[in-house]
Amino acid sequence: MHTPPLKHLLSCRDLDADLILQLIQTANQYLSHHPHPAWHQKTICLFFVEDSTRTRCSFEIAAQKIQANVIHFDWQRSSLNKNETYLDTFANLAEMGVNLFVIRHKEELFSQKIAAGLTANAAIINAGDGCHEHPTQALLDVMTIQQNFSDWEKLKVAIVGDIIHSRVAHSLCHLLLSLEVADIRLIGPKEWLPETQIHPKHVQCLTDCRQGLKEVDVIVTLRIQKERLEKEMQMCDQDYFSQYGIDTHKLKLAHQNAIVMHPGPMNRGIEIASEVADGKQSRILTQVRNGVLMRMAIMDYLFRRQS
Ligand code: CP
């Protein structure tokens with residue numbers, strides 16, 4: 001079934017393969033110096049109530065490239081501290097002329113809640129909500145994968161680490177399944193793997209990293225989400241690195257042309273060895289560069305549906 005035009009980007013569940021590929025194509029055109037759209041009359045509010053480097057800065061740069069106005073909502077000095085509700089805050093900002101909110105919040109489904117309650121015409125992008133989803137990260141990830149591999153159905157993808165707390169892993173799984181990737185391996189300690197099957201035919205959960213990495217084309221290694229762990233990690237950092245950290249020995253188990261990705265921020269020597277992070281198979285900084293282009297494509301898509 002075809003995705004109806006989206007007013008917001010809240011979850012990767014809302015995107016079908018056609019729309020995912022359309023966004024990748026648009027973002028790739030910006031890479032090859034296709035003229036950027038100009039949205040002078042639009043105002044974007046970066047509403048981050050959680051720390052960020054890549055997502056917040058790349059949205060700001062992407063907004064500048066499409067000539068939109070940007071404001072940063074300073075929640076620590078806002079009237080949220082005088083008990084104003086979030087919904088009233090968003091309604092007031094929309095009334096001032098904000099056309100698009102980019103929201104990061106630690107609460108799961110926060111963006112969905114605001115989208116459901118806000119009557120204004122403003123669009124909303126979920127830039128990370130707790131352990132739930134991070135759609136723009138997953139879109140830049142599939143863009144990066146497509147720059148290296150052309151056949152989605154033959155691809156073998158390993159996602160390694162703290163799967164259940166990772167909004168990146170959740171969003172990426174939805175996109176890979178929509179693109180009909182048939183071999184997705186979620187690898188990590190048992191307590192960080194999903195208890196319920198995501199997709200019995202195409203998604204396997206494995207605790208043995210060396211076994212799971214055999215012949216894969218893509219390794220996505222994840223940050224340990226220490227701020228979201230309900231209980232202390234069972235393993236010390238050294239043991240984690242030995243079992244799940246991507247080093248040159250584990251990388252050799254993957255296909256010889258395999259690429260290594262990490263959404264960042266990365267913990268060197270815990271999730272990934274520096275030789276791999278900075279090595280020739282790493283696409284970590286390519287992901288960051290693609291992030292600006294993909295965010296331009298997403299904002300352009302949403303603005304076209306408003307204008
Ligand atoms: N990948 C990512 O979301 O990074 P930031 O937390 O720095 O935005």
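Both counts, for ligands and for their atoms, begin at 1 and track the order of listing. Quick caveat: nothing in here was measured; it's all calculated off a predicted structure. For the numbers below, each heavy atom of this structure counts, side chains included, while hydrogens, waters and symmetry mates do not. Throughout, numbering of the chain's residues begins at 1 and tracks the sequence.
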Check: Has ligand 1 got any nitrogen or oxygen that is less than 3.5 angstrom from a nitrogen or oxygen of His134?
Finding: yes
Check: How about Gln41 and Asn99: does a side-chain donor come under 3.5 Å of a side-chain acceptor?
Finding: no
Next item on the list: Decide if atom NZ of Lys154 counts as having more than 12 heavy atoms of other residues, nucleotides or ligands within a radius under 6.0 Å.
Entry: no
Looking only at protein heavy atoms, identify the closest one to [atom] and say how far it is in Å.
{"atom": "atom 2 (C) of ligand 1", "answer": "Thr55 OG1, 3.5 Å"}
{"atom": "atom 4 (O) of ligand 1", "answer": "Arg54 NE, 3.0 Å"}
{"atom": "atom 1 (N) of ligand 1", "answer": "Pro263 O, 2.9 Å"}

Next item on the list: Give the contacting part of Arg104 toward ligand 1: side chain, backbone, both or neither, where contact means a heavy-atom distance below 4.0 Å.
Entry: side chain
Notebook entry, point to check: Does Arg289 use its side chain to pair, donor to acceptor, with the backbone of Leu285 at less than 3.5 Å?
Noted result: no
Margin query: Is Gly128 close enough to touch ligand 1? Criterion: a residue heavy atom under 4.0 Å from a ligand atom.
Written below: no
Check: Are Asp208 and Arg210 close enough for a salt bridge, meaning some N to O gap below 4.0 Å?
Finding: no
Checklist line | Ring-face cation contact, Phe59 with Arg56, 6.0 Å cut, 45° max | finding: no
Check: Which atoms of ligand 1 have any heavy atom of Gly264 under 4.0 Å away?
Finding: 1 (N), 2 (C), 4 (O)
Checklist line | Per-atom contacts of ligand 1 with Thr53, taking only distances under 4.0 Å to non-hydrogen atoms | finding: 5 (P), 7 (O), 8 (O)
Margin query: One pair to check against salt bridge (Lys or Arg N to Asp or Glu O under 4.0 Å): Asp300 and Lys65. What are the steps and the verdict?
Written below: CA-CA 11 Å; Asp300 181 57; Lys65 285 185 185 287; over 6 Å; no
